[in-house]
Chemist: 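To start, I am sharing the structure in question, which I have written as structure tokens.
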Amino acid sequence: MTKVLVATDKPFAAIAVKGIRKVVEEAGFELVLLEGYTSQNDFIGAVADADAVIIRSDKADKAVIEAGNKLKIIVRAGAGYDNIDLQAATAKGVVAMNTPGQNSNAVAELALGMMVYYARNFFNGKSGSELMGKKLGIHAYGYVGKNVARIAKGFGMEVYAFDPFISRQEIEKDGVKWVSSVEELYSACHYISLHIPANSQTKQSVNFQLLSRMPAPACLVNTARAEVINEPDLLKMFQERKDFAYLSDVEPTNKAEIEAGFKAKFFCTPKKMGAQTEEANVNAGIAAAKQIVGFIKNGDKTFQVNK
Ligand code: 3PG
């Protein structure tokens with residue numbers, strides 16, 4: 001029988017697992033759960049007899065992929081697939097997919113939630129500021145960026161976006177100001193929300209040269225990936241710009257140093273929380289299960305990322 005393994009270090013909400021099970025079992029497949037595992041060896045062991053795997057930020061590295069004796073497809077229930085070794089997957093003939101857009105509203109809501117939390121001094125009782133009228137720059141206008149724009153406009157923010165892969169027309173039709181360069185975006189905005197993927201072009205690209213363009217008071221919001229930030233430059237920004245704040249859903253490796261010196265200007269979730277809602281889990285988890293059924297039964301490769 002076709003075995004579908006759900007390997008989630010950070011488990012889906014129960015309602016999402018129920019939905020995934022329904023899709024998998026109605027297709028005549030078997031569902032196997034590996035939730036909250038603590039060692040990569042557990043994942044390697046569980047994948048041995050799986051035909052298909054659903055993951056979140058779990059590391060589908062070369063060892064995992066090679067251990068999948070019958071593995072045909074691996075679906076990242078979410079947007080970023082930087083946790084899948086695509087080369088290893090391709091070499092083994094394993095199709096890799098993501099589920100674009102399915103958890104984007106949840107991530108966008110968290111980005112705005114962190115901005116409110118910061119603007120109101122982390123709810124410490126002291127007088128804060130409002131988002132209305134403030135300039136927000138969206139760095140990459142994909143599914144999450146679009147949702148951030150929609151919600152930010154509801155707050156009355158002035159929204160700007162930069163994305164070299166999205167046309168000016170598409171950005172402007174949402175009532176968002178298009179800018180032609182990333183430098184222009186950072187120079188214009190007090191708040192910047194990051195939505196770039198982590199890849200060879202973007203890793204460490206958010207550096208001092210860019211951040212120092214931001215007008216004071218400056219606030220960088222990261223619900224994307226830690227790797228896109230140049231962390232020594234982030235620290236330098238804190239040291240040189242007393243107005244600078246960093247709100248992150250992805251823990252910087254120099255968190256202890258930042259917390260020690262700049263606690264009042266820094267917030268970081270204890271675990272990546274952006275997509276951690278029942279709704280996002282249901283959307284992304286069920287989409288992943290349906291994509292697996294579609295691929296195994298009909299060879300449907302929509303959303304394949306290792307072409
Ligand atoms: C994504 O890329 O979809 C988000 O970062 C969510 O990741 P998660 O599923 O590990 O919460």
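Please read all numbers here as calculations on a predicted model, not as lab measurements.
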Chemist: Below 4.5 Å, heavy atoms only, C-beta onward: do Leu33 and Arg21 meet side chain to side chain?
Modeler: yes
Chemist: Is it the case that more than 12 heavy atoms not belonging to Glu240 sit under 6.0 Å from its CD atom?
Modeler: yes
Chemist: Hey, what do you get for CD (Glu231) to CD (Glu257), rounding to the nearest 0.5 Å?
Modeler: 10.0 Å
Chemist: Taking Asp163 for its side chain and Ala140 for its backbone only, find out whether a donor-acceptor pair lies under 3.5 Å.
Modeler: no
Chemist: So do Tyr141 and His195 actually touch side chain to side chain, heavy atoms under 4.5 Å?
Modeler: no
Chemist: Run the side-chain contact (heavy atoms from CB on, under 4.5 Å) check on Lys173 and Glu170 step by step: do they pass?
Modeler: CA-CA 5 Å; Lys173 83 169 167 28; Glu170 200 176 331; 3.9 Å; yes
Chemist: Please report the shortest heavy-atom distance between Pro252 and Cys268, naming the atom on each side.
Modeler: CD-SG, 4.0 Å
Chemist: What is the distance from atom CG of Asp61 to atom CG of Asn83, rounded to the nearest 0.5 Å?
Modeler: 10.0 Å
Chemist: With the threshold set at 4.0 Å, does a side-chain nitrogen-carboxylate oxygen contact exist between Glu26 and Lys290?
Modeler: no
Chemist: So, for Ala119 and Tyr191, which heavy atoms are closest and what is the spacing to 0.1 Å?
Modeler: CB-OH, 3.7 Å
Chemist: Apply side-chain contact (heavy atoms from CB on, under 4.5 Å) to the pair Leu5 and Leu34, showing each step before the final yes or no.
Modeler: CA-CA 7 Å; Leu5 170 70; Leu34 176 70; 4.0 Å; yes
Chemist: Looking at Asp174 and Arg150, is there a salt bridge between them, counting it only when a charged N and a carboxylate O are closer than 4.0 Å?
Modeler: no
Chemist: Any chance you could lay out the side-chain hydrogen bond (donor to acceptor under 3.5 Å, both in side chains) test for Ser180 and Arg168, step after step, and finish with the verdict?
Modeler: CA-CA 9 Å; Ser180 62; Arg168 176 175 189 161; over 6 Å; no
Chemist: Hey, does Phe12 have a side-chain heavy atom less than 4.5 Å from the side chain of Glu278?
Modeler: no
Chemist: Heavy atoms only: give me the nearest Leu110-Met273 pair and the separation to one decimal.
Modeler: CD2-C, 4.2 Å
Chemist: Rounded to the nearest 0.5 Å, what separation is found between the CG atom of Asn283 and the OG1 atom of Thr277?
Modeler: 7.5 Å
Chemist: Set out, in order, the CA-CA distance, both residues' side-chain angles and the distance that settles side-chain hydrogen bond (donor to acceptor under 3.5 Å, both in side chains) for Asn281 and Glu279, then state yes or no.
Modeler: CA-CA 5 Å; Asn281 290 173; Glu279 294 88 338; over 6 Å; no
Chemist: For the atom pair NZ (Lys177) and CG (Leu136), what is the distance rounded to the nearest 0.5 Å?
Modeler: 11.5 Å
Chemist: Between Met115 and Val221, is any pair of side-chain heavy atoms under 4.5 Å apart?
Modeler: yes
Chemist: Dump the intermediate steps for side-chain contact (heavy atoms from CB on, under 4.5 Å) on Met157 and Lys135, then the final yes or no.
Modeler: CA-CA 6 Å; Met157 297 185 89; Lys135 290 179 174 155; over 6 Å; no
Chemist: Do Thr223 and Val250 come close enough that some side-chain heavy atom pair is under 4.5 Å?
Modeler: no
Chemist: Please indicate whether Lys10 has more than 12 foreign heavy atoms, meaning atoms of other residues, nucleotides or ligands, lying under 6.0 Å from its NZ.
Modeler: yes
Chemist: Going by the rule salt bridge (Lys or Arg N to Asp or Glu O under 4.0 Å), which residues pair with Asp51 if we only count those two or more places apart in sequence or in a different chain?
Modeler: Lys70, Lys72
Chemist: Does OH in Tyr81 sit with more than 12 non-hydrogen atoms of other residues, nucleotides or ligands closer than 6.0 Å?
Modeler: no
Chemist: Could you go step by step and tell me if Tyr118 and Cys219 meet the side-chain contact (heavy atoms from CB on, under 4.5 Å) rule?
Modeler: CA-CA 9 Å; Tyr118 168 66; Cys219 177; 3.8 Å; yes
Chemist: Determine whether Pro11 and Arg56 make a side-chain contact, defined as any pair of heavy atoms from C-beta on separated by less than 4.5 Å.
Modeler: no
Chemist: Salt bridge check: are Arg241 and Asp243 linked by an N-O gap of less than 4.0 Å?
Modeler: yes
Chemist: Does any N or O in the side chain of Thr99 come within less than 3.5 Å of the main-chain N or O of Gln102, such that one atom is a donor and the other an acceptor?
Modeler: no
Chemist: Indicate whether the side chain of Ser187 and that of Glu183 have a donor and an acceptor atom separated by less than 3.5 Å.
Modeler: no
Chemist: Phe43 and Tyr37: aromatic ring centres closer than 6.0 Å?
Modeler: yes
Chemist: Quick one: are the ring centres of Tyr186 and His139 less than 6.0 Å apart?
Modeler: yes
Chemist: Look at Asp249 together with Lys272 and state whether they make a salt bridge at an N to O cut-off of under 4.0 Å.
Modeler: no
Chemist: Do other residues, nucleotides or ligands put more than 12 heavy atoms under 6.0 Å from the NZ atom of Lys242?
Modeler: yes
Chemist: Quick check on Phe123: does its CZ atom have over 12 non-hydrogen neighbours (other residues, nucleotides or ligands) under 6.0 Å away?
Modeler: yes
Chemist: Consider side-chain contact (heavy atoms from CB on, under 4.5 Å). Of Leu220, Val182, Asn230, which one does Val206 pass it with?
Modeler: Leu220
Chemist: Could you check Ser205 against Gln201 for side-chain hydrogen bond (donor to acceptor under 3.5 Å, both in side chains), going step by step and ending with a plain yes or no?
Modeler: CA-CA 8 Å; Ser205 65; Gln201 265 97 62; over 6 Å; no
Chemist: For a 4.5 angstrom cut-off between non-hydrogen side-chain atoms, does Ile192 reach Met214?
Modeler: yes
Chemist: Is it the case that the side chain of Lys92 and the backbone of Gly68 share a donor-acceptor pair, with hydrogens and angles ignored and the cut-off at 3.5 Å?
Modeler: yes
Chemist: Could you state the interatomic distance from CG (Asn98) to CG (Asn103), rounded to the nearest 0.5 Å?
Modeler: 9.5 Å
Chemist: Working to the nearest 0.5 angstrom, can you tell me the gap between Asn298 CG and Asp300 CG?
Modeler: 7.0 Å
Chemist: Can a donor-acceptor pair be found between the side chains of Asn306 and Gln304 at a distance below 3.5 Å?
Modeler: yes
Chemist: Between Phe155 and Leu112, is any pair of side-chain heavy atoms under 4.5 Å apart?
Modeler: yes
Chemist: Could you tell me whether the side chains of Ser129 and Arg120 share a donor-acceptor contact shorter than 3.5 Å?
Modeler: no
